[in-house]
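Just so we're on the same page: letters track the sequence lines, and every chain starts at 1. In this text the structure is predicted, and so the values were computed from the model without any measurement.
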Amino acid sequence: MELNLNYEKLNNNHKNELVNDKVYDLIIIGFGPAGINAFLYAKRKGLNVGIITKKIGGQVINTSVVDNYLGTKNINGEALIDQFTEHISEFDTPILENATVTYIKSINNHHEIHLTNGTFYKTRSVIIATGSKPRQLNIPGERDLLGKGVAYCAICDAPLFKGKDVVVAGGGNSAVEAVLDMVKVAKSVTLVHRSELRADKILVDQLYQNSEINIHLKTKILEVVGKDFMTGLKTKSANGESIIPSDGLFIEIGHIPNSDFIKDYLDVNNHGEILVDEKNRTNIKGIFACGDVTQIPYKQIIIAAADGAKAALCVNEYLNKDYIK
Amino acid sequence: MKMFNSEIENQLKEVFSKMVNDVTIALFTKEGECLTCEETRGYMQEVEALNDKIHLKEYDINKNQDLAKAYNVEMVPSIVILNDKEEYLGIKFNGIPAGHEINSFVPAILEVSGNQSAVPENLQSRIDNISKPTNIKVFITLSCPHCPGAVQKAHKLALSNKFIDAEMIEAQTFNDISNKFNVSSVPKIVINDQYELIGDQPIEAFLTEIEKN
């Protein structure tokens, strides 16, 4: 039997508490690939850095196989994050986990980061790296049948659909990966997507090679049907409306940025993504953003990580050149 | 077959070196039909060997009915973590805590040993106000990276208030009870068999449901 021991987390030697009686050089909000790499670069520059995050690792944790992170082939998402955190384990890492930021207040030359529990932390600069969360279909039945057939984490819930019929909604890499995960356990797997597949060819090829997978493209899901438990989906295609009987629906239709807490303070686009310039600057001086929470296109682990590095370098430059004490 | 390779064994030894007091793992199995009892027994024997402060005691759910009742053990395999006085603090794992769930099992041993993390002050008073027997079930799968977080929070609540009893339930092994509670997404948290939460929710969300009791 497999063991997924998270040694870095269990052996938190290097971890210490974030304190609220000092002013940090930088506080990073969010600790997925963007935040972790921002931390690495900021520490190497000698900055005094604190971290506030809900969870360590971000969405990568939900990925069963990552095969496009340069230098690391065919690794599961959590193992990749373990490698990241192992890399930074030599540094003193003041981190506050399970924390939710409610707002940021900028006073003179520093920023206060306020949390749901009423406490706040002070810093000269901020990097927002809060990433994104799964997008919902926003159709009737989706919310009511959440946990009653409707699911968002294929690797978590796949074992519960052994011998059952499931549908995966979406046409990107995450959707195709979910289909390939589910087909190992489910009785039948159907992919439903409103347009054409946009996943990488290498994944789409695997999809079409497996004759057990049903594919419905140019098909819109109108409703999740069921009372106490989902029984199927109402869909619409060029052939009209129909019902696909199904015990489960895995929704993998992309992501929305985790920017709700800040979108009244910072400029965001109509998707809610924080607008940054080429140096990761937002419209508020001293507040930077990077990774999936920003308008930078192509949400990929390696892009988010690289953007985190860039943001930390920009912060360092800002503190050295532009920051007025 | 051994669960731990030498790397994991050394890592766990280091983590368990932070134990404060002794801990007893009370393992309940039964003779006959039990798919994962043997594997769980082997696993727990390996855990016991990692640190002198860890003691394994094996029981049979049918032959040790009184004890099973005292610890509210209803299925096998079931692992109850007891403190140095062999007192039950409301910490239980139903099913093998392998896969990702080793990440809630190891902290449970550390916490029961006395190496405890603090609960945020503003939550402690809400926890202290719970004065009715409260059962928290956390349904998990072994492939779920978010599940140990939910199990740890449930166990933390149990350690913080003697009225709270918190148990992990491995959903695949205990198919019947999972079906009874319509488990199709994990972690699924069920409070007093009545109030439900999906996902690795913050302690505040647990408390809001418990306070409905």
Side-chain angles (χ1 to χ4, degrees), chain A residues 1-13 15 17 54-57 59-64 76-79 81-82 96-100 115-119 145-162 164 166 181 185 228-230 247-250, chain B residues 1 3-5 7-8 10-12 14-18 36 39-40 42-43 96-103 106-107 110 117-118 120-123 139-149 153 170-172 175 178-179 181-188 196-200 202-204:
Chain A
M1 190 166 285
E2 206 181 334
L3 281 179
N4 307 81
L5 182 72
N6 191 337
Y7 171 68
E8 286 301 324
K9 192 167 179 185
L10 293 174
N11 195 44
N12 52 0
N13 277 339
K15 213 152 110 175
E17 299 274 312
K54 275 189 181 158
K55 283 172 191 161
I56 292 175
Q59 297 175 73
V60 183
I61 299 282
N62 286 352
T63 311
S64 61
N76 82 50
E78 196 172 36
I81 292 297
D82 285 350
L96 190 69
E97 257 188 277
N98 294 312
T100 305
L115 308 186
T116 40
N117 66 7
T119 55
L145 293 166
L146 172 65
K148 296 168 182 169
V150 176
Y152 295 88
C153 178
I155 58 164
C156 304
D157 302 334
L160 304 169
F161 289 88
K162 201 173 172 182
K164 295 190 173 177
V166 299
D181 282 341
V185 290
D228 296 327
F229 212 86
M230 86 170 261
D247 303 304
L249 169 65
F250 286 83
Chain B
M1 210 181 96
M3 288 287 284
F4 304 149
N5 59 30
E7 188 191 353
I8 291 185
N10 288 333
Q11 290 177 335
L12 287 174
E14 193 177 338
V15 173
F16 284 131
S17 69
K18 292 174 197 149
T36 55
E39 201 170 15
T40 308
Y43 179 17
I96 187 164
H100 284 280
E101 220 51 52
I102 189 171
N103 299 308
V106 172
L110 279 179
S117 56
E121 253 173 57
N122 56 327
L123 296 179
F139 291 91
I140 59 103
T141 63
L142 299 182
S143 60
C144 165
H146 310 287
C147 291
K153 284 171 202 153
E170 200 271 290
Q172 269 186 295
N175 205 11
S178 302
N179 285 337
F181 287 99
N182 276 333
V183 177
S184 81
S185 272
V186 288
K188 178 163 181 168
E196 299 184 352
L197 291 166
I198 304 275
D200 179 12
I203 287 192
E204 287 93 326

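Here the straight-line distance linking atom CG of A/Asn6 with atom CD1 of B/Ile102 works out to 10.5 Å at 0.5 Å rounding. One finds the CD atom of B/Glu101 at 12.5 Å from the CG atom of A/Leu5 (value rounded to the nearest 0.5 Å). For the atom pair SG of A/Cys156 and NE2 of B/His100, the computed distance is 8.0 Å after rounding to the nearest 0.5 Å. Taken to the nearest 0.5 Å, the CD atom of B/Glu196 stands 6.5 Å off from the NZ atom of A/Lys148. Note: B/Thr141 OG1 to A/Ile155 CD1 = 8.5 Å, rounded to the nearest 0.5 Å. To the nearest 0.5 Å, the span separating CG on B/Asn5 from CG on A/Leu3 amounts to 8.5 Å.
Contact annotation for A/Glu2: only backbone heavy atoms (N, CA, C, O) come within less than 4.5 Å of a heavy atom of chain B. Within the 4.5 angstrom heavy-atom criterion, no atom of B/Ile140 approaches chain A. Residue contact with chain B, scored on non-hydrogen atoms closer than 4.5 Å, involves the side chain of A/Lys55 exclusively. With a threshold of 4.5 angstrom between heavy atoms, B/Gln11 approaches chain A through its backbone and through its side chain. For chain B, the nearby part of A/Asn98 is the side chain; its heavy atoms alone come within less than 4.5 Å.
A donor atom on one side chain and an acceptor atom on the other are found under 3.5 Å apart for A/Asn62 and B/His146. Between B/Glu7 and A/Tyr7, the side chains place no donor N or O within less than 3.5 Å of an acceptor N or O (distance only, hydrogens not considered).
Interface summary for chain B: among A/Lys162, A/Lys164, A/Lys54, A/Glu78, the most heavy-atom pairs under 4.5 angstrom belong to A/Glu78. Note: B/Ser184 leads B/Ser184, B/Ala171, B/Cys144 in heavy-atom pairs under 4.5 Å with chain A. Among B/Leu110, B/Ile198, B/Asn103, B/Ile8, the residue with the largest count of heavy-atom pairs under 4.5 Å with chain A is B/Asn103.
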* Run the numbers on B/Ser185 and A/Tyr152 for side-chain contact (heavy atoms from CB on, under 4.5 Å), then give the verdict. => CA-CA 8 Å; B/Ser185 272; A/Tyr152 295 88; over 6 Å; no
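Without hydrogens or angle criteria, A/Asp157 side chain to B/Val186 main chain gives a donor-acceptor distance under 3.5 Å.
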